[in-house]
Asks: 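Please find one structure pasted underneath; my questions will follow.
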Amino acid sequence: MLATLGSLHRFGATVLLIYAVLLGLWGTYHYFRNQPVSGGFRSSYVIMAALIPLQGLLGVAALLASGHPREGILHMVYGVFAVIFIPGAYLYSRGGNVRRETLILAGAGWIVAIAFFRGIATG
């Protein structure tokens, strides 16, 4: 059971890293073209915000199954950061002009991609 949970958690981390990089690229493209982010971008961003806690639950389940953290506390800090940061950036971006929203959401995609990479690297 632990091997399955661990494999799912590692796979989910890789998928979320790629997803965040793609969102960062997509948002950066819109930013440099002076375009507002599309509804598709926003919905993809919200999907990522929903998937991050699910990824964390897989990690918690693996932790409970093994009884001790293999990756250490720093690994968990990156996960908690992502769970808080992505919705926070979305809410923060909602006020103001569309260029600011594009910059914040694209930047958030890049920042959380770095956090995902660091989380993978600590394990």
Side-chain angles (χ1 to χ4, degrees):
M1 174 127 163
L2 176 61
T4 303
L5 289 172
S7 294
L8 286 173
H9 188 62
R10 277 188 296 281
F11 178 73
T14 304
V15 168
L16 280 172
L17 172 61
I18 293 167
Y19 198 95
V21 168
L22 290 174
L23 277 179
L25 287 170
W26 191 5
T28 302
Y29 173 79
H30 281 291
Y31 179 77
F32 284 115
R33 302 266 309 182
N34 288 325
Q35 298 173 336
V37 290
S38 64
F41 179 89
R42 279 191 202 91
S43 61
S44 298
Y45 190 92
V46 170
I47 289 169
M48 184 173 69
L51 289 175
I52 294 170
L54 293 177
Q55 169 69 0
L57 289 175
L58 280 173
V60 168
L63 176 65
L64 293 175
S66 71
H68 58 83
R70 242 182 33 214
E71 287 85 8
I73 192 77
L74 189 57
H75 180 86
M76 292 178 236
V77 168
Y78 288 122
V80 170
F81 168 77
V83 167
I84 295 169
F85 180 73
I86 287 296
Y90 185 80
L91 293 174
Y92 183 71
S93 72
R94 300 303 294 164
N97 65 31
V98 293
R99 186 151 166 86
R100 176 180 170 269
E101 177 188 21
T102 305
L103 178 64
I104 290 170
L105 294 180
W110 288 114
I111 290 168
V112 83
I114 293 167
F116 290 149
F117 176 75
R118 290 295 303 143
I120 292 169
T122 60

Asks: Which residues pass the ring pair (Phe, Tyr, Trp, His ring centres under 6.0 Å) test with Phe116, sequence neighbours left out?
Replies: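 With sequence neighbours excluded, Phe116 shows a ring pair (Phe, Tyr, Trp, His ring centres under 6.0 Å) to no residue whatsoever.
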Asks: Kindly write out the residues that satisfy side-chain hydrogen bond (donor to acceptor under 3.5 Å, both in side chains) with Thr4, not counting sequence neighbours, or none if the list is empty.
Replies: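 For Thr4 there are no side-chain hydrogen bond (donor to acceptor under 3.5 Å, both in side chains) partners, ignoring immediate neighbours.
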Asks: For Phe117, does the CZ atom have more than 12 heavy-atom neighbours from other residues, nucleotides or ligands under 6.0 Å away?
Replies: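 Counting neighbours around CZ of Phe117, 12 or fewer heavy atoms of other residues, nucleotides or ligands fall under 6.0 Å, so no.
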Asks: Closest approach of Leu5 and Leu58, non-hydrogen atoms and distance?
Replies: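 Answer, listing the atom of Leu5 first, then Leu58: CD2-CD2, 4.2 Å.
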Asks: List, by chain and then residue number, the residues other than Val80 in its hydrophobic cluster (Ile/Leu/Val/Met/Phe/Trp/Tyr, side-chain heavy atoms under 4.5 Å); write none if there are no others.
Replies: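 Members besides Val80, by chain and number: Ile84.
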Asks: If you group Ile, Leu, Val, Met, Phe, Trp and Tyr whenever their side-chain heavy atoms sit less than 4.5 Å apart, what else falls in with Tyr31?
Replies: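 Phe32, Leu103, all in the cluster of Tyr31.
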Asks: Within the distance-only criterion (no hydrogens, no angle test), does the side chain of His9 pair as donor or acceptor with the backbone N or O of Gln55 below 3.5 angstrom?
Replies: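 Side chain of His9 to backbone of Gln55: a pair is present.
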Asks: Checking one residue: Val98. Which other hydrophobic residues are in its cluster under the side-chain 4.5 Å linking rule?
Replies: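 Grouped by the 4.5 Å side-chain rule, Val98 forms a cluster of one, so the answer is none.
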Asks: Apply side chain to side chain contact (heavy atoms under 4.5 Å, CB included) to Asn34 and list each qualifying residue two or more places apart in sequence or on a separate chain.
Replies: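 So Asn34 forms a side chain to side chain contact (heavy atoms under 4.5 Å, CB included) with Arg99.
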Asks: Which pairs with one or both residues in residues 29-41 pass salt bridge (charged side-chain N to carboxylate O under 4.0 Å, His left out), sequence neighbours excluded?
Replies: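 Qualifying pairs, neighbours excluded: none.
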Asks: Any pair with a residue in residues 16-31 that passes salt bridge (charged side-chain N to carboxylate O under 4.0 Å, His left out), sequence neighbours left out, goes on the list, sorted by first then second residue, please.
Replies: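 Of all non-adjacent pairs touching residues 16-31, none passes salt bridge (charged side-chain N to carboxylate O under 4.0 Å, His left out).
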Asks: Give the cluster check for Val112 versus Met76: same hydrophobic cluster or not, with ILVMFWY residues linked at side-chain heavy-atom distances below 4.5 Å.
Replies: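 No, Val112 does not connect to Met76 through the hydrophobic network.
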Asks: Hey, does Ile111 have a side-chain heavy atom less than 4.5 Å from the side chain of Phe81?
Replies: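 Yes, close enough: below the 4.5 Å cut-off.
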Asks: Apply ring pair (Phe, Tyr, Trp, His ring centres under 6.0 Å) to Tyr78 and list each qualifying residue two or more places apart in sequence or on a separate chain.
Replies: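 By the ring pair (Phe, Tyr, Trp, His ring centres under 6.0 Å) rule, Tyr78 matches no residue at all.
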Asks: I'd like to know if Phe11 and Val60 are part of one continuous hydrophobic network [Ile/Leu/Val/Met/Phe/Trp/Tyr, side-chain heavy atoms within less than 4.5 Å].
Replies: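 Each belongs to a different hydrophobic cluster.
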Asks: Take a 6.0 Å sphere around OH of Tyr92 and say whether it holds more than 12 heavy atoms from other residues, nucleotides or ligands.
Replies: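 No, because the 6.0 Å sphere around OH of Tyr92 holds 12 heavy atoms or fewer from other groups.
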Asks: State plainly whether one hydrophobic cluster holds both Val46 and Leu51, where clusters connect Ile, Leu, Val, Met, Phe, Trp and Tyr through side-chain heavy atoms under 4.5 angstrom apart.
Replies: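 Cluster IDs for Val46 and Leu51 match.
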Asks: With sequence neighbours excluded, tell me which residues meet side-chain hydrogen bond (donor to acceptor under 3.5 Å, both in side chains) with Arg94.
Replies: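 Here the qualifying residues are Glu101.
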Asks: Show me the donor-acceptor pairs within less than 3.5 Å that the side chains of residues 13-26 make with the rest of the protein, sequence neighbours left out.
Replies:
{"from": "Thr14", "atom 1": "OG1", "to": "Arg10", "atom 2": "O", "distance (Å)": "3.1"}
{"from": "Tyr19", "atom 1": "OH", "to": "Ser44", "atom 2": "O", "distance (Å)": "2.9"}
{"from": "Trp26", "atom 1": "NE1", "to": "His30", "atom 2": "NE2", "distance (Å)": "3.0"}

Asks: Which Ile, Leu, Val, Met, Phe, Trp or Tyr residues join Leu91 in one cluster when any pair of side-chain heavy atoms under 4.5 Å counts as a link?
Replies: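 Taking Ile, Leu, Val, Met, Phe, Trp and Tyr as members, Leu91 stands alone, with no cluster partners.
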Asks: How many angstroms lie between CZ in Arg100 and CD1 in Ile104, if you round to the nearest 0.5 Å?
Replies: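 Reported value, rounded in 0.5 Å steps: 4.0 Å.
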Asks: Is it true that Phe41 and Ile47 fall in one hydrophobic cluster, defined by side-chain heavy atoms closer than 4.5 Å?
Replies: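 Yes, because Phe41 and Ile47 connect within a single hydrophobic cluster, where side-chain heavy atoms sit under 4.5 Å apart.
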Asks: Is there a continuous path of hydrophobic side-chain contacts, each under 4.5 Å between heavy atoms, that joins Val83 to Trp110?
Replies: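 Same cluster.
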Asks: What are the two closest non-hydrogen atoms of Ala108 and Ala89, and how far apart are they?
Replies: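 So the two residues come closest at CB-CB, 3.7 Å.
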Asks: Can you tell me how far apart OG1 (Thr28) and CG (Leu105) are? Round to the nearest 0.5 Å.
Replies: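 Spacing of OG1 (Thr28) from CG (Leu105) equals 11.0 Å.
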